[in-house]
K.L.:
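One structure, pasted below without further comment.
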Amino acid sequence: MNTYEQGQVLLINKPLHWTSFDVVRKIRNSIGIKKVGHAGTLDPLATGLLIICTGKFTKKINEYMAREKEYSGSFTLGATTPTYDLESEPGNFKSIENLSYEEIKNTNQKFTGEILQIPPAHSAIKLEGKRVYQLARKGAEVKLEPRKILVKEFEVGEIRLPTVDFRIVCSTGTYIRSLANDFGEALGCGAYLSSLCRTRIGEFKLEDALSIEEFENSLKTRN
């Protein structure tokens with residue numbers, strides 16, 4: 001039994017446009033074992049920390065998924081998208097000329113602490129046995145119940161209108177896309193998530209993660 005079958009936790013910096021399963025499949029093929037999984041999906045347009053568990057450590061996936069997450073990224077104000085991010089085209093454009101920096105800076109307070117959040121209709125949540133994004137793509141009306149989440153920290157960073165940078169520390173199950181949409185709604189101008197990077201899961205940090213190329217090179221030095 002090799003070390004990967006015995007169980008390892010790999011920290012990978014997910015590339016832009018890759019699905020989380022693309023990373024799993026790549027690592028599965030690279031190390032030659034089937035038992036590989038990830039602890040917490042990142043959308044294709046997000047980058048950052050992905051925890052990959054191999055072999056016997058796949059039993060720890062739920063434990064890692066439950067840990068606190070940290071993200072940084074940007075919202076774009078003045079429009080919305082059906083998916084709440086750039087997976088779909090922006091529309092419903094509104095003026096942001098009358099927005100003050102102070103108003104933008106203070107809106108985060110409405111979304112800090114324990115809050116109720118409605119997940120995006122374009123998400124992998126199951127409703128009546130089907131993924132809701134499949135229903136949403138067909139034009140069906142999707143009604144999801146609000147879920148209780150904890151936003152421990154929500155910092156508004158640099159404001160370069162229409163873009164607003166942020167840093168968020170939150171509980172598992174938080175949709176940053178929904179926060180972007182709700183943030184824009186609170187300002188009355190709309191917003192969508194335009195970039196996202198996961199920087200931490202529990203004690204695991206992005207700075208300790210390897211790119212796919214670095215991981216593959218580390219395998220070559222082993223052989």
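Because the structure is a prediction, the values reported are computed rather than measured. Hydrogens, waters and symmetry mates are skipped; everything else that's a heavy atom, side chains included, is used.
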K.L.:
Can you find a heavy atom in the side chain of T174 that is under 4.5 Å from one in the side chain of Y71?
P.N.:
no
K.L.:
Please tabulate, for side-chain N and O atoms in residues 23-31, each donor-acceptor pair with protein atoms closer than 3.5 Å (sequence neighbours left out).
P.N.:
{"unit_1": "R25", "atom_1": "NH2", "unit_2": "D22", "atom_2": "OD1", "d": "2.6"}
{"unit_1": "K26", "atom_1": "NZ", "unit_2": "E216", "atom_2": "OE2", "d": "3.3"}
{"unit_1": "R28", "atom_1": "NE", "unit_2": "K34", "atom_2": "O", "d": "3.0"}
{"unit_1": "R28", "atom_1": "NH2", "unit_2": "V36", "atom_2": "O", "d": "3.2"}
{"unit_1": "N29", "atom_1": "ND2", "unit_2": "R25", "atom_2": "O", "d": "3.3"}
{"unit_1": "S30", "atom_1": "OG", "unit_2": "K26", "atom_2": "O", "d": "2.8"}

K.L.:
Check whether any side-chain N or O of S88 sits under 3.5 Å from a backbone N or O of T81 as a donor-acceptor pair, and report yes or no.
P.N.:
no
K.L.:
Side-chain contact test, heavy atoms from C-beta onward, threshold under 4.5 Å: evaluate it for Y192 versus T76 and give yes or no.
P.N.:
yes
K.L.:
Do any N or O atoms from the side chain of T199 and from the backbone of L206 form a donor-acceptor pair under 3.5 angstrom?
P.N.:
no
K.L.:
With a 4.0 Å cut-off, would you call E153 and R167 a salt bridge?
P.N.:
yes
K.L.:
Find out if a path of hydrophobic residues (ILVMFWY) with successive side-chain heavy-atom gaps under 4.5 Å connects F21 to F215.
P.N.:
yes
K.L.:
Backbone N or O of G157 within a donor-acceptor pair of the K105 side chain at under 3.5 Å?
P.N.:
yes
K.L.:
Any chance NZ of K205 has more than 12 other-residue heavy atoms, nucleotides or ligands included, within less than 6.0 Å?
P.N.:
no
K.L.:
Give the cluster check for I212 versus L45: same hydrophobic cluster or not, with ILVMFWY residues linked at side-chain heavy-atom distances below 4.5 Å.
P.N.:
no
K.L.:
Is it true that E203 and R67 have a side-chain N and a carboxylate O under 4.0 angstrom from each other?
P.N.:
yes
K.L.:
Please answer whether the main-chain N or O of L42 pairs with a side-chain N or O of S20 as donor and acceptor at a distance below 3.5 Å.
P.N.:
yes
K.L.:
How far apart are the C-alpha atoms of F111 and I168, what are their side-chain angles, what is the distance that settles it, and do they pass the side-chain contact (heavy atoms from CB on, under 4.5 Å) test?
P.N.:
CA-CA 10 Å; F111 304 103; I168 286 169; over 6 Å; no
K.L.:
Within the side chain of N92, is there an N or O that forms a donor-acceptor pair under 3.5 Å with the backbone of A79?
P.N.:
no
K.L.:
Any side-chain to backbone donor/acceptor pair from K69 onto R198? Under 3.5 Å, distance only.
P.N.:
no
K.L.:
Please check if the side chain of S74 supplies one atom and the backbone of S194 the other of a donor-acceptor pair under 3.5 Å.
P.N.:
no
K.L.:
Please determine whether side-chain contact (heavy atoms from CB on, under 4.5 Å) holds for the pair T83 and D43, giving the CA-CA distance in whole Å, both sets of side-chain angles, and the decisive distance to 0.1 Å.
P.N.:
CA-CA 11 Å; T83 55; D43 290 332; over 6 Å; no
K.L.:
Under 3.5 Å, is there a donor-acceptor pair linking the side chains of Q8 and T3?
P.N.:
yes
K.L.:
Short question: side chain of K35, backbone of E5 - any donor-acceptor pair under 3.5 Å?
P.N.:
no
K.L.:
Return yes if some donor-acceptor pair links the side-chain N/O of N108 with the main-chain N/O of F154 below 3.5 Å, else return no.
P.N.:
yes
K.L.:
Can we call the ring centroids of Y84 and Y175 under 6.0 Å apart?
P.N.:
no
K.L.:
What is the ring orientation for F183 with F75, classed by angle as parallel under 30°, tilted 30 to 60°, or perpendicular over 60°?
P.N.:
tilted
